[in-house]
Protein chains: 4
Amino acid sequence: MKTGSTGSRAGEGGKRGRQKRMPRAVRERQMLDAAVRTFGQRGYRAASMDEIAELAGVSKPLVYLYLNSKEDLFTACIRREAAALTQAVRSAVNPDAPADQQLWDGLRAFFEHTALHPDAWAVLHSQARTVGEPFAAEVNAARAEIVAFVTALIGAAARAAHRDPSLPDREVAGLAHALVGAAESLAGWANTEPSVPAKEAAATLMNFAWAGLGDLMEGRPWSPPA
Amino acid sequence: MKTGSTGSRAGEGGKRGRQKRMPRAVRERQMLDAAVRTFGQRGYRAASMDEIAELAGVSKPLVYLYLNSKEDLFTACIRREAAALTQAVRSAVNPDAPADQQLWDGLRAFFEHTALHPDAWAVLHSQARTVGEPFAAEVNAARAEIVAFVTALIGAAARAAHRDPSLPDREVAGLAHALVGAAESLAGWANTEPSVPAKEAAATLMNFAWAGLGDLMEGRPWSPPA
Amino acid sequence: MKTGSTGSRAGEGGKRGRQKRMPRAVRERQMLDAAVRTFGQRGYRAASMDEIAELAGVSKPLVYLYLNSKEDLFTACIRREAAALTQAVRSAVNPDAPADQQLWDGLRAFFEHTALHPDAWAVLHSQARTVGEPFAAEVNAARAEIVAFVTALIGAAARAAHRDPSLPDREVAGLAHALVGAAESLAGWANTEPSVPAKEAAATLMNFAWAGLGDLMEGRPWSPPA
Amino acid sequence: MKTGSTGSRAGEGGKRGRQKRMPRAVRERQMLDAAVRTFGQRGYRAASMDEIAELAGVSKPLVYLYLNSKEDLFTACIRREAAALTQAVRSAVNPDAPADQQLWDGLRAFFEHTALHPDAWAVLHSQARTVGEPFAAEVNAARAEIVAFVTALIGAAARAAHRDPSLPDREVAGLAHALVGAAESLAGWANTEPSVPAKEAAATLMNFAWAGLGDLMEGRPWSPPA
DNA sequence: TATGAATGAGCATTCATTCAT
DNA sequence: GATGAATGAATGCTCATTCAT
């Protein structure tokens with residue numbers, strides 16, 4: 001809904017060619033859209049402010065006036081898209097549902113969101129991992145938030161399963177990292193290969209994560225609730 | 001002009017300052033080492049040929065003489081490190097062992113290798129994902145090789161489990177991607193957090209992948225063979 | 001559209017934030033004040049119109065509306081501050097007093113004024129010397145006026161001393177330049193070093209100028225009249 | 001002798017148009033010459049690296065390779081020209097001569113040097129006074145060295161004149177500042193007005209400084225020794 | 001085999017200045 | 001009388017790449 005996949009919104013009238021005089025908030029969103037797209041496709045270093053400004057339909061000075069610097073612009077992209085993604089996942093999950101249901105819902109939302117906003121996903125996933133850049137903290141924070149979310153999910157599920165003692169914390173953290181990594185990888189796979197729908201990707205991962213390869217091989221897949 | 005018989009101290013003696021006249025193969029390896037290190041730490045765009053040349057202890061023109069261009073140099077890094085990694089994994093796996101043993105051995109080798117060569121791993125994993133760059137093909141090929149390896153492994157295991165019909169090919173491919181992604185993510189986690197040994201990372205992943213979260217929660221973890 | 005009778009608090013009341021609707025003369029003085037301060041502290045090139053406008057508490061277009069361009073603004077600063085300085089000096093000097101008294105009074109006024117308005121002095125002295133800039137003429141004119149004043153002073157004194165032939169014009173001009181330069185340098189010194197009061201600076205210069213180093217060394221300083 | 005007033009040294013042959021492949025030291029001197037000229041004529045901020053590079057007959061990257069940054073380049077100019085000027089003055093003064101002789105010799109050397117290298121003098125005097133710039137320290141150091149030299153001279157003269165107690169230190173420092181300022185001002189005057197030879201400027205200042213205006217008016221000028 | 005010298009092209013950033021309201 | 005929105009044109013600096021030796 002916000003990452004500029006939708007080219008030009010119809011109805012604003014006429015010629016195209018550099019719309020003039022819009023309120024700051026609108027221009028800022030246009031710039032962020034353009035930036036997400038450019039950063040997503042070229043990477044942070046390779047993206048040029050010229051290209052972003054042009055794609056946003058404004059002059060470069062305006063970009064600087066509103067967003068300060070390339071680094072700040074990128075940080076703003078990260079923040080916006082990370083918030084959008086976590087929001088999408090969070091609002092798809094019912095915290096009172098059983099653990100596998102929660103996971104299933106979250107994964108579906110995740111794959112749907114990443115499929116819908118591939119550039120945003122590229123910014124978060126591929127481009128942002130670069131070490132040494134000053135925004136590394138921002139990116140890691142975003143990822144850490146997701147991992148923490150999953151960690152809590154798994155931990156709660158484990159406790160709910162009456163196990164005592166439950167899994168050690170470090171084990172749980174490791175599992176969360178593994179799960180998130182698997183999801184990231186599958187998201188890339190689903191977007192690259194022609195037509196792997198979000199639901200199928202989610203199902204594959206759910207099978208993998210919940211039943212385990214061992215069960216799958218024995219013909220005991222996990223099956224979607226409800 | 002001056003035919004240097006022993007003008008400068010031969011061999012490794014002395015202060016270190018810029019060794020002269022060594023065979024091409026050696027020089028090339030020095031350059032690749034420097035390049036992997038620099039690319040791994042800075043990323044492709046941020047790494048400068050100046051820095052690489054200096055770290056390699058040679059002049060820039062020599063780098064160009066031997067390795068042609070920044071792009072070619074990076075491609076060479078990818079190729080070398082991808083080969084090293086796949087070689088490490090492959091040679092740890094006995095194709096006649098049971099599937100879970102094979103997976104276990106492969107994972108251990110993977111985590112050990114990435115822990116041992118973090119810059120190489122960074123080049124393969126983080127830095128190389130950048131789309132749009134001309135070497136994307138090379139990187140994808142390397143990853144595809146690993147995925148194919150895992151795919152074959154899982155496929156064989158499934159067939160060996162007497163299931164009929166076995167899992168559909170696309171499902172298997174998806175599982176392989178998930179597994180590889182989980183491994184990649186865990187490798188980053190193991191290297192970042194203080195002191196998660198390769199073996200533990202491998203065990204965590206093996207548990208996750210083989211037994212599944214469901215089993216784990218019920219207290220039925222996978223246990224290492226032998 | 002809305003005819004602002006007393007919509008916003010009139011006069012000086014309230015928080016300070018951007019006073020609306022004041023007479024042009026007042027606004028102009030605010031701008032010049034801000035400009036003198038900024039130019040004095042940053043220099044002509046380094047000062048930005050943004051900073052000046054902000055310091056003046058108005059928007060940039062207003063500055064342009066009233067003062068046309070950066071160059072014109074700077075010229076206006078020069079003119080205002082040069083007039084203030086010469087006025088201060090002139091009005092301190094009684095043209096009927098003896099020459100040394102006139103010089104003494106003028107110097108004191110000069111050092112007092114520059115100590116009181118360091119930014120104005122910086123604009124006149126340091127920042128404005130830049131050759132090549134289009135306002136060089138204005139600055140030189142201001143300085144020339146002071147030199148001419150001193151020249152006249154010295155010339156009159158010489159003639160009054162019954163010397164015949166009096167000092168040649170060029171010699172007098174040179175002396176005036178020397179005296180002005182010495183005063184400028186001492187003004188900088190007095191303002192930089194901690195606590196050299198204007199009066200002391202004036203006395204030092206008066207001694208130097210009137211008695212000469214030779215006399216000083218022989219123990220024959222000039223002593224203030226009255 | 002070193003500030004590029006002399007356009008192109010004859011004898012290096014032929015076409016002009018970007019001499020190729022010269023040793024680093026030579027190129028560096030060319031760059032400094034060009035920089036002194038440009039900074040002297042335009043000022044620090046207004047001078048562009050492009051212009052300097054072009055005037056030096058090299059490409060901009062080479063300037064950066066050899067001299068690092070605009071700031072460093074300017075600092076190098078200051079250092080070189082300050083050293084040249086102080087050297088010129090120092091080597092003209094015989095420390096065993098009487099004080100007025102020393103002053104006379106020093107002043108002559110000063111006016112000759114500044115007349116010979118007007119751009120260098122502009123860099124030292126006009127352009128460099130800008131406050132807030134990072135090289136202010138360098139410039140002030142250079143000026144402080146000259147002032148210290150003059151201070152020592154005056155102090156020694158005072159002591160040699162058997163006066164007891166001699167002038168207080170602060171008084172001496174003030175006199176030195178006044179003298180240096182007068183010299184600076186006269187240097188500008190001598191260079192601006194058509195044809196005031198160095199010797200005449202020196203004589204004017206010497207009269208002013210040594211005899212004092214009072215003596216001059218009474219017809220008792222200082223007369224050159226020897 | 002190996003390098004000091006050199007550059008074309010691009011990039012992030014800033015600034016004085018102007019519309020349209 | 002006053003301003004939010006917007007830009008053309010520089011400017012400092014870096015980098016991959018190549019000669020000439």
Side-chain angles (χ1 to χ4, degrees), chain A residues 18-24 26-28 45-53 57-66 68-73, chain B residues 1 4 18-24 27 45-53 57-66 68-73, chain C residues 1 4 18-24 27 45-53 57-66 68-73, chain D residues 18-24 26-28 45-53 57-71 73:
Chain A
R18 209 145 282 202
Q19 217 66 23
K20 296 271 197 171
R21 300 265 138 189
M22 358 242 292
R24 171 165 181 156
V26 178
R27 278 278 191 248
E28 244 181 71
R45 302 290 288 221
S48 91
M49 293 299 271
D50 276 284
E51 190 180 355
I52 292 173
V58 297
S59 71
K60 239 188 319 175
L62 201 60
V63 180
Y64 278 89
L65 189 61
Y66 285 176
N68 249 342
S69 72
K70 193 183 187 182
E71 190 184 321
D72 282 7
L73 175 55
Chain B
M1 261 98 185
R18 206 146 282 202
Q19 222 65 27
K20 297 255 189 179
R21 307 258 143 195
M22 14 172 81
R24 169 156 186 161
R27 275 277 193 248
R45 299 293 286 221
S48 86
M49 295 298 273
D50 275 280
E51 190 179 357
I52 293 173
V58 297
S59 72
K60 243 189 313 177
L62 200 60
V63 179
Y64 278 88
L65 189 61
Y66 282 0
N68 239 350
S69 73
K70 194 185 188 184
E71 190 185 321
D72 284 6
L73 174 55
Chain C
M1 262 94 189
R18 208 151 279 202
Q19 222 65 26
K20 297 251 184 181
R21 308 255 142 196
M22 13 172 80
R24 170 157 186 159
R27 276 276 194 248
R45 299 293 287 219
S48 87
M49 294 298 273
D50 275 281
E51 191 179 357
I52 292 172
V58 296
S59 72
K60 243 188 315 175
L62 199 59
V63 179
Y64 278 88
L65 189 62
Y66 282 0
N68 238 349
S69 73
K70 193 183 189 185
E71 190 185 321
D72 283 6
L73 175 56
Chain D
R18 209 146 279 204
Q19 216 67 22
K20 297 275 199 164
R21 302 267 135 189
M22 0 241 292
R24 173 168 181 152
V26 178
R27 275 280 191 249
E28 245 181 68
R45 301 290 288 224
S48 91
M49 293 299 270
D50 276 284
E51 189 180 355
I52 293 173
V58 297
S59 71
K60 237 191 319 175
L62 202 59
V63 180
Y64 278 89
L65 189 62
Y66 285 174
L67 286 144
N68 250 343
S69 72
K70 194 182 187 184
E71 189 184 322
L73 175 55

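Just the heavy atoms: all of them, side chains too, but no hydrogens, waters or symmetry mates, feed the values below. Residue numbering restarts at 1 for every chain, and letters A, B, ... go by the order of the sequence lines.
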Problem - Gap between atoms CG and P, on A:Leu65 and F:dG8 respectively (whole Å) - result: 15 Å
Handout entry: C:Arg24 NZ/CZ over C:Tyr66 ring centroid, <6.0 Å and within 45° of normal
Key = yes
Exercise for the section: Take atom CD of D:Glu28 and atom P of E:dA6, then tell me their distance rounded to the nearest Å. Expected result: 11 Å
Exercise for the section: To the nearest Å, give me how far apart OH (D:Tyr66) and C1' (F:dC13) are. Expected result: 18 Å
Practice task
Name all residues meeting the side-chain contact (heavy atoms from CB on, under 4.5 Å) criterion together with C:Asp72; count only those two or more places apart in sequence or in a different chain, and write none if there are none.
Solution key: C:Asn68, C:Ser69
Exercise for the section: Go through the structure and list residues passing salt bridge (Lys or Arg N to Asp or Glu O under 4.0 Å) with B:Glu71, not counting sequence neighbours. Expected result: none
Problem - Closest heavy-atom pair and its distance - A:Ala53, A:Ser59 - result: CB-C, 4.0 Å
Problem - For B:Asp50, all residues meeting salt bridge (Lys or Arg N to Asp or Glu O under 4.0 Å), sequence neighbours excluded - result: B:Lys60
Practice task
Return the set of residues passing side chain to side chain donor-acceptor pair (under 3.5 Å) with C:Lys70 (not counting sequence neighbours), or none when no residue passes.
Solution key: none
Practice task
Give D:Arg24 one of three labels, base, sugar-phosphate or nothing, depending on what nucleic acid heavy atoms sit under 4.0 Å from its own.
Solution key: sugar-phosphate
Handout entry: Per-nucleotide protein contact string for nucleotides 14-21 of chain E (B base, S sugar-phosphate only, - none; heavy atom under 4.0 Å)
Key = BBSBBBS-
Exercise for the section: May I have the distance from D:Glu51 (atom CD) to F:dT11 (atom C1'), rounded to whole angstrom? Expected result: 13 Å
Practice task
Side chain of D:Met22 only, please: which of E:dA6, F:dA2, E:dT7 is the nearest?
Solution key: E:dA6
Exercise for the section: Ignoring backbone atoms, test whether B:Arg27 places a side-chain nitrogen or oxygen under 4.0 Å from the OP1 or OP2 oxygen of E:dT1. Expected result: no
Handout entry: Intra- and inter-strand pairs of DNA chain E in dot-bracket (Watson-Crick or G-U wobble, both distances under 3.5 Å; | for another strand)
Key = .||||||||||||||||||||
Practice task
Could you state the atom-to-atom distance from CG of D:Leu67 to P of F:dT14 in whole Å?
Solution key: 13 Å
Handout entry: Distance, nearest 0.5 Å, that separates CG of A:Leu73 from CD of A:Glu28
Key = 10.0 Å
